[in-house]
2 protein chains.
Amino acid sequence: MARPVDPERHLRRRLHIIDAALTRFAADGFDGASTAAICRTAGIGSGTFFHYFPTKVDVLLAILELGTDEASAFFRTQDGRDDPVEVLLAYVDHEADSLRDERAGGFVRAVGAVATHERVAVALARHQEVVRDALAPWVQRARDAGAIRTDLPAAQTIRWVLALIDGFATQTAEGPGFDARAESAVLLDTVRRFLRPADGG
Amino acid sequence: MARPVDPERHLRRRLHIIDAALTRFAADGFDGASTAAICRTAGIGSGTFFHYFPTKVDVLLAILELGTDEASAFFRTQDGRDDPVEVLLAYVDHEADSLRDERAGGFVRAVGAVATHERVAVALARHQEVVRDALAPWVQRARDAGAIRTDLPAAQTIRWVLALIDGFATQTAEGPGFDARAESAVLLDTVRRFLRPADGG
DNA sequence: CAGTTAATGGAGTGCGCACTCTAGTTATGA
DNA sequence: TCATAACTAGAGTGCGCACTCCATTAACTG
């Protein structure tokens with residue numbers, strides 16, 4: 001036997017390609033980003049690219065998977081917290097933070113464009129499922145505590161919180177005049193307003 | 001001279017193609033929708049397609065322009081109304097209504113994907129400008145009347161209202177379990193909550 | 001009717017792309 | 001140091017696409 005794969009080196013290289021692909025996807029969209037351009041950005045040949053990923057979509061899927069893992073990791077850090085509303089807001093803040101990466105907005109757009117692609121759709125569904133499932137118990141606790149509105153079903157409440165984050169994300173993609181710090185404060189405030197129990201009456 | 005263009009017929013045909021293109025863009029994205037597929041949907045040959053539109057993007061631009069015109073038209077109907085907050089909410093409701101078309105969500109995604117395309121970017125900028133400029137005086141009046149919050153600059157308030165609509169739009173693209181009527185009520189409520197003057201203190 | 005031009009379909013074309021093949025290099029185990 | 005296999009680059013390939021060209025038909029004018 002000779003030259004076994006060095007898992008660490010392999011992983012580093014993969015991440016390098018992923019990073020370049022993220023840059024190109026964000027700038028030019030999924031279809032707009034040619035594998036040639038990704039290779040140029042990464043400083044590699046196409047042979048190398050396809051040595052690490054069988055297909056262009058597979059890079060995208062790898063990025064999405066990374067995102068899903070990251071979300072799971074976040075929720076693991078929240079285990080055992082007391083105030084459920086704080087956890088919800090922490091998640092929102094966490095997402096807003098991720099969107100500070102200037103490529104994030106463009107990437108979200110790029111993903112949306114190929115959301116009809118079967119494998120992408122599956123990945124997105126899985127991501128959403130992870131987030132929803134992680135959020136659900138906290139929302140339930142918050143409802144039980146009377147800390148948030150109960151006029152909407154819990155599932156719908158969650159969907160809307162995610163929708164608010166999405167709205168924030170689209171703004172980040174819209175070029176200049178966007179101060180991520182100031183805006184993320186508005187996002188948090190907006191979510192708080194959204195969650196507030198309905199006025200009596 | 002012989003056979004002058006019949007403007008009405010020409011326009012009808014254009015609209016027919018536009019409609020088919022909208023369907024395909026929404027279902028498959030901009031790049032995913034081939035001109036051949038659009039032609040098949042429209043029941044025409046490619047020669048006809050390119051007789052009416054010089055380029056695939058031009059169909060997209062035509063759709064966007066239609067949308068911009070429609071927005072202008074809406075605001076013209078609001079001239080002379082009394083309650084500025086009502087106008088803001090009416091616009092939101094109007095947008096939610098447009099998004100009832102099941103193709104709308106997919107189309108929004110498709111547009112986002114090619115938002116980097118120069119001509120598309122220009123069209124989107126113009127649309128936004130029209131909407132912002134139309135909304136601005138109403139927001140100003142609402143602020144002066146103390147009917148909405150003033151802790152955010154007016155421009156930012158407008159941007160966020162549009163962002164909330166965007167969040168709603170993304171939900172419509174996410175398949176089943178989406179009751180447009182119920183959700184648009186939530187959207188209106190959310191916008192109301194967002195606009196409400198900040199709590200004293 | 002004849003003359004003219006819009007309208008239409010569809011075969012054809014050239015190009016750009018994702019992906020393949022291959023030859024050469026590097027790192028490892030025996 | 002030799003055998004083996006991972007790694008790498010880049011030329012090559014086939015296909016799908018936007019768009020063109022042309023022949024035919026439809027509709028109008030005089």
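The chains referred to below are lettered A, B, ... by the order of the sequence lines, with proteins before strands, and numbering in each begins at 1. Values in this document were obtained by computation on a predicted structure and should not be read as measured data.
- Residues from residues 41-52 of chain B that place a heavy atom under 4.0 Å from any atom of DNA chain C, listed by number: B:Gly43, B:Ile44, B:Gly45, B:Ser46, B:Gly47, B:Thr48, B:His51, B:Tyr52.
- In this structure, of C:dT28, D:dC28, D:dC7, it is C:dT28 that holds the atom nearest to the side chain of A:Ala2.
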Take A:Leu60 and A:Phe25, measure what side chain to side chain contact (heavy atoms under 4.5 Å, CB included) needs, and give me the verdict at the end. CA-CA 9 Å; A:Leu60 187 73; A:Phe25 288 158; 3.8 Å; yes
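- If you measure from atom NE2 of A:His10 to atom C1' of D:dT8, you get 13 Å, rounded to the nearest angstrom.
- In this structure, A:Arg149 satisfies the cation-pi test against A:Phe194, with its NZ or CZ atom closer than 6.0 Å to the six-membered ring centre and inside 45 degrees of the ring normal.
- In this structure, CG of A:Leu60 is placed 15 Å from C1' of C:dA18, rounded to the nearest angstrom.
- Residue A:Ala37 is out of contact with every strand shown, counting any heavy-atom pair closer than 4.0 Å.
- For A:Glu183, the side chain to side chain donor-acceptor pair (under 3.5 Å) criterion is met by B:Gln156, B:Arg159, B:Trp160, not counting sequence neighbours.
- Toward the 5′ end of DNA chain D lies the nearest nucleotide of B:Ser34, the other residue of the pair B:Ser34 and B:Arg9 mapping further downstream.
- Here the C1' atom of nucleotide D:dA9 and the CD1 atom of A:Ile38 are 17 Å apart, to the nearest Å.
- Among pairs with a residue in residues 116-149 of chain B, none fulfils ring-ring contact (aromatic ring centres under 6.0 Å, His included), at least two apart in sequence or across chains.
- Taking 3.5 Å as the limit, the base of D:dA27 and the side chain of B:Arg3 contain no donor-acceptor pair of atoms between them.
- One distance of note links CG of B:Leu89 with CG of B:Asp189; it measures 10.0 Å at 0.5 Å rounding.
- Contacts between residues 12-32 of chain A and DNA chain C, defined by a heavy-atom separation below 4.0 Å, involve no residue at all.
- When the salt bridge (Lys or Arg N to Asp or Glu O under 4.0 Å) test is applied to A:Arg126, no partner is found at least two apart in sequence or on another chain.
- To the nearest angstrom, P of D:dG16 lies 15 Å from NZ of B:Lys56.
- Few gaps surround CD on B:Glu70; more than 12 heavy atoms of other groups in view lie less than 6.0 Å from it.
- Listed by first and then second residue, the side-chain hydrogen bond (donor to acceptor under 3.5 Å, both in side chains) pairs that reach into residues 48-58 of chain B are B:Asp58-B:Arg119, sequence neighbours excluded.
- Listed pair A:Thr35 / C:dC17 fails the phosphate criterion, with no side-chain N or O lying under 4.0 Å from OP1 or OP2.
- For the pair B:Arg141 (side chain) and B:Asp82 (backbone), a donor-acceptor distance under 3.5 Å is present.
- Each of A:Asp6 and B:Pro4 has a nearest nucleotide on DNA chain D; the 5'-most of these lies closest to A:Asp6.
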